[in-house]
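The structure displayed is predicted, hence computed values, not measured ones. Just so we're on the same page: letters track the sequence lines, and every chain starts at 1.
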Amino acid sequence: MSESPAREVAKASDFIREIINKDLEAGRHDKVVTRFPPEPNGFLHIGHAKSICLNFGLALEYGQRLPGTGTDCHLRFDDTDPTKEDTLFEESIQADVRWLGFEWNQIYHASDYFERLYQCAEHLIEVGKAYVCSLSDPEIREYRGTVKSAGKNSPYRERSVEENLDLFRRMRKGEFKDGLHVLRAKIDMANPNMKMRDPLLYRIRHARHHMTGDQWCIYPMYDFAHPISDAIEGITHSICTLEFENNRELYDWVVDELMEFAKFPTRPRQYEFARLNLNYTVMSKRRLLELVEGGHVRGWDDPRLPTLAGLRRRGYTPESIRDLCASVGVAKANSTVDMAQLEFCIRNDLNHKAPRVMAVLNPLKLVIENYPDDQVEELEASYWPHDVPKEGSRMVPFSKEIYIDQDDFMLDPPKKYFRLAPGAEVRLRYAYCVTCTDVVKDKDGNVTEIRCTYDPDTLGKNPEGRKVKGTIHWVSAAHAVDAEVRLYDRLLSQEAPPTGKDSEFLNAINPDALVVLTGCKLERSLADAKPQDRFQFERQGYFINDEKDSKPDAPVYNRIVTLKDSWARSQGK
RNA sequence: UGGGGCGUCGCCAAGUGGUAAGGCACCUGGUUUUGGUCCAGGCAUUCAGAGGUUCGAAUCCUUUCGCCCCAGCCA
């Protein structure tokens, strides 16, 4: 705490931590305070998770490394545009951050600072660094110039301090309609950085704000509110995404101009990192909104979406998402992470968390001809494979008539097909080996039933004199629990959506992103499962009991992710 | 009158003048009553290209090329 050598710093794992370490070593700060500043106008997605993990993670790490400084990452709602924001979004954002596993000490709002922001604005006017501009919206745009050419000064740029103050105060009082005047910083209309060409600080908006009600009719812009909010709160490192790099110069201008006047406790600095992109999905607010409002998915928590609500309902664990964020690192290069990386993370997490059970998704009746008609054996089946160090098992009923999956039988199998086929023998998981002796077909030639014989001497041991390579899952017909199973897959059928502006990306939606199966057969033990329980359906994937649609007598399961399937891959599927 | 960034294996990403980490993906074998897991092995003579400095360069210099961001009274 006090002895400075105790401030030995762990090896930085990315450029942000490197910067923080240097700041600490140089004594620029003696604690680290970060912030996660969502605008409450939409749902959080996995891209936000990267920012959440970074900002809250930094606070946690340095809070531990610098004992006594506390752990401080501010959840701050950037609520400066009353026409778009709402309390509903604040609630879902809080729920999502908590679900991800992070906690804040206090909730902040940019709107908490409206009065101070206003005082800062008046100060800038008084020192001649801000003025009221009465150009129209299109005129302002025209005067701004272009990326390749300088802008020109507004005719209102040289108004007197007195006139500016009077106008600004009347703006606050509500004497003007929306759009009539704005407050602008007086910087440089020829600055090569367009963000510095007399940026707007305040605009008039006669709109009710979800936090401040009708108290205000002028609202600060992001570029004004954000740096001041950071500075007021004592944020040390203000971390945002790459597209704000150009805003940094303005961020610094605002803080520098106000530092003395506002007596900020710290001099915050902004740093930018590359946002998370994933292939086979969409992440932009606009596209997510279009999917939801266009009815292409069933709401913000549709398991096909990369929203945190969607991933949660899909069955992804917070641990798996944090693991993804840790594994992709933090850097400045624009990048797109492979969905396979996320899928690895959830499989890796669930491998030792999800008990194994048997479920037949596309049932095919199998009758064991030499098994006694009314006999039922209770066989012990472990919930965990040998390599997962957990205890626990259940009894599964075995009988003459069972269901197996259609994929596990072929009339004319290719080489190295280890499952069932005419004349072939296969192991029934936890039970006996059976040999297919006959098949029953309907008039169209479809196999409707399989006839087998079993070898009574193969329970818990291998048959003598022959090798049975395949093991398949099954469910006793008389004891099965019927269920609906929703097979989810990647949202898009191509890596990147078409680049077109409008709704073109809708054409890239994977038609099989959701396949609903009914009449699936679950093993008896699943009758006791609760919503949100996760299981591995052996040989098929990880599934979760749906939190909304599942009913005790009509369970619904969502497929979280398939198991790796090297057989399917070798078959070129 | 343009400015700000970024380019290291199929995808991420370490590396900060001393001779290319790691993860995912992929390929080989082994174990296996999950074609899962696990284990063993393989996978960049080269860092966008070209020059240069140096005993030595992904790292320094010069130059070329490519990609991203900025012209909301959004954030």
Watson-Crick or G-U wobble mate for [N], both contacts under 3.5 Å:
N     : result
B:A71 : none
B:G29 : B:C39
B:C65 : B:G7
B:U53 : none

The side chain of [X] is closest to which nucleotide in this list: [options]?
X      : options             : answer
A:N351 : B:G23, B:A75, B:U37 : B:U37
A:P192 : B:G36, B:G3, B:U33  : B:G3
A:N193 : B:U34, B:G3, B:G15  : B:G3
A:R144 : B:G23, B:C73, B:C12 : B:C73
A:L563 : B:C11, B:G35, B:G36 : B:G36
A:N334 : B:C68, B:U16, B:C70 : B:C68

side-chain hydrogen bond (donor to acceptor under 3.5 Å, both in side chains) test vs A:R419 passes for just one of A:D407, A:D405, A:D408, namely A:D408
Could you tell me how far [M] sits from [N] if I compare only their [atom1] atoms? Round to whole Å.
N     : M     : atom1 : answer
B:G56 : B:A71 : P     : 48 Å
B:U46 : B:A14 : C1'   : 16 Å
B:C65 : B:C47 : C1'   : 16 Å
B:A25 : B:C43 : C1'   : 11 Å
B:G52 : B:A20 : C1'   : 23 Å
B:C9  : B:C55 : C1'   : 30 Å
B:A44 : B:G22 : P     : 12 Å
B:G49 : B:G7  : P     : 14 Å

For a quick check, tell me whether the side chain of [X] and the base of [N] share a donor-acceptor pair closer than 3.5 Å.
X      : N     : value
A:Q536 : B:U34 : yes
A:R427 : B:U33 : yes
A:N246 : B:G3  : yes
A:R419 : B:G35 : yes

[X] near the nucleic acid: base, sugar-phosphate alone, or nothing, with a heavy-atom cut-off under 4.0 Å?
X      : value
A:V147 : base
A:S327 : nothing
A:V330 : sugar-phosphate
A:Y432 : nothing
A:F244 : base
A:L242 : nothing
A:Y202 : nothing
A:G151 : nothing
A:D565 : sugar-phosphate
A:I472 : nothing
A:A331 : sugar-phosphate
A:T83  : nothing
A:H386 : base
A:Y222 : base

Quiz prompt | Derivation and outcome, salt bridge (charged side-chain N to carboxylate O under 4.0 Å, His left out), residues A:R17 and A:E61 | solution = CA-CA 10 Å; A:R17 279 169 246 252; A:E61 273 176 53; 2.3 Å; yes
Is A:F344 stacked on the base of B:G23 when the test is centres under 5.5 angstrom and planes under 30 degrees? no
If we count only N and O atoms by modelled type, under 3.5 Å, do the side chains of A:R269 and A:S238 hold a donor and an acceptor together?
no
**OP:** Could you tell me if the ring centre of A:F409 sits under 6.0 Å from that of A:Y417?
**Re:** no
Per the glycosidic torsion and the 90° limit around 0, nucleotide B:G72 is syn
Flag side-chain contact, heavy atom, 4.5 Å: A:R248 against A:D252:
yes
Do any side-chain nitrogens or oxygens of [X] fall under 4.0 Å of OP1 or OP2 in [N]?
X      : N     : result
A:R141 : B:G72 : yes
A:R184 : B:C73 : no
A:T80  : B:A75 : yes
A:R356 : B:U37 : no
A:K564 : B:U37 : yes
A:R569 : B:C27 : yes

>> Does the Lys NZ or Arg CZ of A:R490 fall within the cation-pi geometry relative to A:Y280 - under 6.0 Å from the ring centre and within 45° of the axis?
In response: yes
Exercise. Between A:R172 and A:Y118, is NZ or CZ placed under 6.0 angstrom from the six-membered ring centre and within 45° of the ring axis?
Worked result: yes
Residue pair A:R205, A:D81: steps toward the salt bridge (charged side-chain N to carboxylate O under 4.0 Å, His left out) verdict
CA-CA 8 Å; A:R205 281 254 198 289; A:D81 186 350; 3.5 Å; yes
Closest to the 5' end of RNA chain B, once A:Y430 and A:Q341 are matched to their nearest nucleotides, is A:Q341
* **Aromatic plane relationship, A:F535 with A:F537 - under 30° parallel, 30 to 60° tilted, over 60° perpendicular** => parallel
